[in-house]
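Below: the structure, in structure tokens.
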Amino acid sequence: FQVGLLVSVKRFFLFLFEIRVKPDKSGVVTDGVKHSMNPFCEIAVEEAVKLKEKKLIKEVVAVSCGPQQAQETIRTALAMGADRGIHVQVAGKDYENLGPLQVSKIMAALAKKEEAQLVILGKQAIDDDCNQTGQMTAALLDWPQGTFASEVSFEGDKLKVVREIDGGLETITINTPAVVTADLRLNTPRYATLPNIMKAKKKKIAIMKPEDLGVDITSRVEVLRVDEPPQREAGVKVETVQDLVGKLKDSGLV
Amino acid sequence: MWIFRSVFLFSDLLSFCCCFFFLQKSVVDGVLPSFRSVCGEDGVSLSEAIREQHGKDESVHKCCPPDVVVFPRSVDEVSALAKICHMHCLPIIPFGTGTGLEGGVGAMKGGVCFSLRNMDQVLDLHVEDFDVTVEPGVTRKALNSYLRDTGLWFPVDPGADASLCGMAATSASGTNAVRYGTMRENIMNLEVVLADGTIINTAGKGRRPRKTSAGYNLTNLFVGSEGTLGIITKTTLRLYGIPEAVVSAVCSFPSVQAAVDSTVQILQSGVPIARIEFLDDVMIDACNRFSSLSYPVTPTLFLEFHGSERSLEEQVNTSEITQCNGGSDFQWAKDEETRSRLWKARHDAWYAALALRPGCKAYATDVCVPLSMLPQIIVETKEDLIANKLTGPIAGHVGDGNFHCLMVLDPNDPDELQRVHLFTERLARRALAMSGTCTGEHGVGLGKRALLVEEMGAQAIQVMQSLKETLDPKNLMNPGKVLQ
């Protein structure tokens with residue numbers, strides 16, 4: 001069963017670093033912060049590469065939407081084992097306003113263009129925690145979806161996905177072509193080794209614009225303000241239960 | 001008795017130097033405004049909880065909180081603070097992550113703890129040159145996460161997620177040393193602030209050639225100095241390529257001798273071994289119980305090979321070597337998940353040892369001897385443990401001749417404390433008698449100062465003392481550690 005697979009990768013801050021809000025409250029400070037691939041996207045790439053190593057997949061294509069630096073993230077995916085990349089150029093203000101709806105339109109268009117049979121994404125990105133792109137992509141393509149996957153396997157020409165849900169684990173079987181989103185326990189992503197990074201430099205990255213795919217990326221959402229969470233204040237000790245009840249009433253909590 | 005000794009030392013100091021402490025406390029109060037003007041209001045703490053947090057590490061030594069904790073944000077602030085301390089004769093204790101094992105951060109004479117965790121930048125990564133410079137707040141795991149997209153890593157792995165500059169200060173090592181070396185071999189340059197605030201670069205500012213024969217080796221003077229010669233504020237580290245492929249294996253042996261013989265032969269055969277860890281029967285039994293495993297209860301080796309796919313295929317040799325030495329139950333693993341399971345026993349060794357006697361604390365001995373002496377010292381040590389009814393499972397970096405007895409002890413039982421103390425002294429002396437060292441990777445800290453004198457001999461200690469007096473004539477840098 002030899003299919004082509006699209007895996008989407010997103011670039012954001014390395015998860016170790018503290019986020020700071022810009023003084024004008026229009027967003028977060030991005031200059032000088034170390035960027036890396038979104039951790040869930042790494043897991044998605046790892047799963048794609050594993051499927052290829054098991055010879056269930058013919059080709060893994062890594063896709064990223066963003067400015068020039070998005071190519072670094074695609075190169076990391078190539079170093080992990082993807083065969084080629086597609087960089088959809090979106091820069092400046094357009095990039096700041098790029099949200100799940102726009103990305104899913106792009107992914108849907110690419111899935112059709114590349115005749116992919118499987119699209120894998122991370123379940124969510126750690127910058128916006130939206131958890132929407134995979135689901136929207138499936139809806140736009142009218143494909144089945146296996147989200148929050150902690151296990152993926154082929155059963156004949158169907159896909160068996162074990163999903164992590166609030167109550168435990170849910171196992172579903174879906175037809176292909178399908179969209180899968182990767183959850184934390186799906187696998188442990190490999191490190192890109194130096195020899196593979198060198199090989200990745202020779203792999204091809206096609207560059208295109210959203211217009212080339214017939215996708216309109218105007219955003220319907222406008223960010224009004226970004227605030228830091230309120231500073232934690234010191235607690236107050238009270239002497240008696242009456243004082244406690246009094247304070248709770250005063251603050252309107254009771 | 002080192003535990004009681006550190007208690008008595010403290011109370012001796014307390015009774016003799018009550019006046020001294022009182023005077024020092026008022027001196028500290030006097031300089032607080034100067035400290036605050038250097039590192040801000042938030043950068044100075046007198047709270048009891050913070051001081052206690054900075055007065056102890058992961059060892060069994062008693063907590064010795066400093067008088068005040070300061071949090072400098074740059075090397076210039078460190079230098080300014082050091083100048084103030086120097087002028088007022090206040091002890092200076094550098095603090096990284098508090099993960100040390102020899103009581104190195106205890107403020108024996110009170111003073112000022114310099115907590116360096118706010119200096120947490122990874123500076124100057126040079127991927128093509130395989131080097132990176134980091135500040136003291138960067139820990140080893142944080143650096144390796146930072147490097148993940150570059151294909152490089154820093155392999156020195158002492159277990160804890162320690163500050164890299166702290167690891168430099170204690171000359172740390174770890175499970176990978178047999179292949180990649182210890183901190184001593186992997187530090188190219190240091191930025192150090194001396195007791196009087198002078199800032200020096202041990203190999204010249206910003207320099208990072210892969211080798212040099214320029215002048216005295218100041219870099220390695222400060223590596224392992226445990227904060228007694230200066231405060232390390234930057235370290236330039238040697239990086240390595242992440243191994244293309246990793247294969248792990250476990251093998252059981254009928255005796256310690258068989259396990260060590262296999263180790264020597266594996267090393268001699270040129271196999272790309274990266275880790276060889278030894279667990280004795282007591283340790284394996286503890287691990288079986290703790291992690292619900294079923295390894296045979298005999299001396300066991302855990303091995304890990306790093307290399308290219310093809311070089312690892314040539315591992316066939318290893319199982320032949322171990323079989324020749326009576327090894328059995330050889331298990332391989334290639335993928336990440338199975339390898340983690342295989343190594344879980346070794347990683348959880350500390351907790352498995354503690355679980356043998358719930359409610360007790362643990363202390364790890366740390367001797368290191370030439371490889372050929374390892375079977376003899378381990379056998380004699382085990383006999384000593386049994387004769388003195390002590391719980392001491394053994395885990396070791398057998399490729400370096402270094403092993404740890406994880407002494408599980410009841411801190412409320414003075415007789416056991418005494419027996420453990422005497423045992424550790426005997427063990428250290430046994431190692432010294434076999435041309436080894438009393439501390440392979442943990443450092444001298446508080447408890448091994450007397451043993452250091454025996455190990456080095458009076459003349460070498462005299463040279464160390466002279467160096468200390470030259471660099472720190474007022475004895476302000478972490479007093480009471482390393483040298484007596």
Side-chain angles (χ1 to χ4, degrees), chain A residues 9-18 20 32-39 41-43 45-47 49-51 53-54 62 64 69-82 126 150-151 184-201 231-232 234, chain B residues 42 47 49 73 117-118 120-130 132 134-135 137-155 161 164 239-248 274 306-312 333-341 343-344:
Chain A
V9 295
K10 187 174 183 183
R11 179 174 177 270
F12 190 58
F13 300 162
L14 185 56
F15 62 87
L16 294 172
F17 293 91
E18 253 183 69
R20 285 187 344 268
V33 184
K34 166 93 176 151
H35 283 68
S36 186
M37 194 192 294
N38 180 39
C41 296
E42 279 182 1
I43 298 175
V45 173
E46 175 65 24
E47 195 60 23
V49 173
K50 274 201 162 82
L51 287 171
E53 283 169 351
K54 289 183 197 158
S64 193
Q69 294 90 329
Q71 290 198 13
E72 286 167 19
T73 316
I74 299 176
R75 290 263 171 236
T76 307
L78 294 172
M80 285 171 72
I126 59 173
S150 66
E151 234 184 87
L184 195 59
R185 276 158 281 269
L186 181 56
N187 59 49
T188 313
R190 65 195 66 190
Y191 283 95
T193 61
L194 275 179
N196 288 340
I197 292 176
M198 301 307 292
K199 280 186 217 157
K201 289 192 181 156
Q231 286 277 16
R232 192 175 165 166
Chain B
D42 293 337
S47 89
R73 294 158 295 196
R117 67 167 189 224
N118 288 339
D120 60 0
Q121 295 303 303
V122 175
L123 313 158
D124 304 336
L125 167 64
H126 299 106
V127 175
E128 308 85 23
D129 298 321
F130 290 72
V132 67
V134 297
E135 290 186 330
V138 180
T139 65
R140 131 187 113 75
K141 287 186 188 172
L143 178 62
N144 281 328
S145 284
Y146 187 95
L147 294 172
R148 61 183 294 125
D149 295 333
T150 59
L152 299 175
W153 72 317
F154 185 66
D161 189 18
L164 289 157
L239 300 172
Y240 295 78
I242 293 175
E244 242 194 274
V246 178
V247 174
S248 300
H306 293 177
S308 65
E309 294 279 356
R310 247 172 293 159
S311 71
L312 291 184
K334 235 188 136 205
D335 62 283
E336 172 86 37
E337 285 89 357
T338 324
R339 275 192 285 118
S340 302
R341 219 172 359 100
W343 271 81
K344 190 171 163 49

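By convention in this document, chain letters (A, B, ...) are assigned in the order of the sequence lines, proteins followed by strands, and residues within each chain are numbered from 1. In what follows, every heavy atom counts, from backbone to side chain, and hydrogens, waters and symmetry copies are set aside.
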- prompt: Say you draw a straight line from CD1 of Ile197(A) to CD1 of Ile242(B); how long is it, rounded to the nearest 0.5 Å?
  reply: 7.0 Å
field: Which atoms of Phe130(B) approach chain A - backbone, side chain, both or neither, heavy atom under 4.5 Å
entry: side chain
message: Is it the case that atom CD in Glu151(A) sees more than 12 heavy atoms from other parts of the structure closer than 6.0 Å?
response: no
query: Does the side-chain contact (heavy atoms from CB on, under 4.5 Å) test come out yes or no for Val246(B) and Tyr191(A), once each step is laid out?
result: CA-CA 11 Å; Val246(B) 178; Tyr191(A) 283 95; over 6 Å; no
- prompt: chain B heavy atoms under 4.5 Å from Thr76(A): which part of the residue, side chain, backbone, both or neither?
  reply: side chain
query: What residues, two or more places apart in sequence or in another chain, satisfy side-chain contact (heavy atoms from CB on, under 4.5 Å) together with Phe12(A)?
result: Ile19(A), Ile126(A), Asp127(A)
message: Please classify the contact of Met37(A) with chain B as side chain, backbone, both or neither, using a heavy-atom distance under 4.5 Å.
response: backbone
message: Just verifying a value: how many Å separate Leu147(B) CG and Lys34(A) NZ, rounded to the nearest 0.5 Å?
response: 7.5 Å
message: Quick check for you: to the nearest 0.5 Å, what is the distance between Asp149(B) atom CG and Glu42(A) atom CD?
response: 6.5 Å
- prompt: Rounded to the nearest 0.5 Å, how far does CD of Glu53(A) lie from CG of Asp335(B)?
  reply: 10.5 Å
Segment of Glu72(A) engaging chain B (4.5 angstrom heavy-atom cut-off): neither
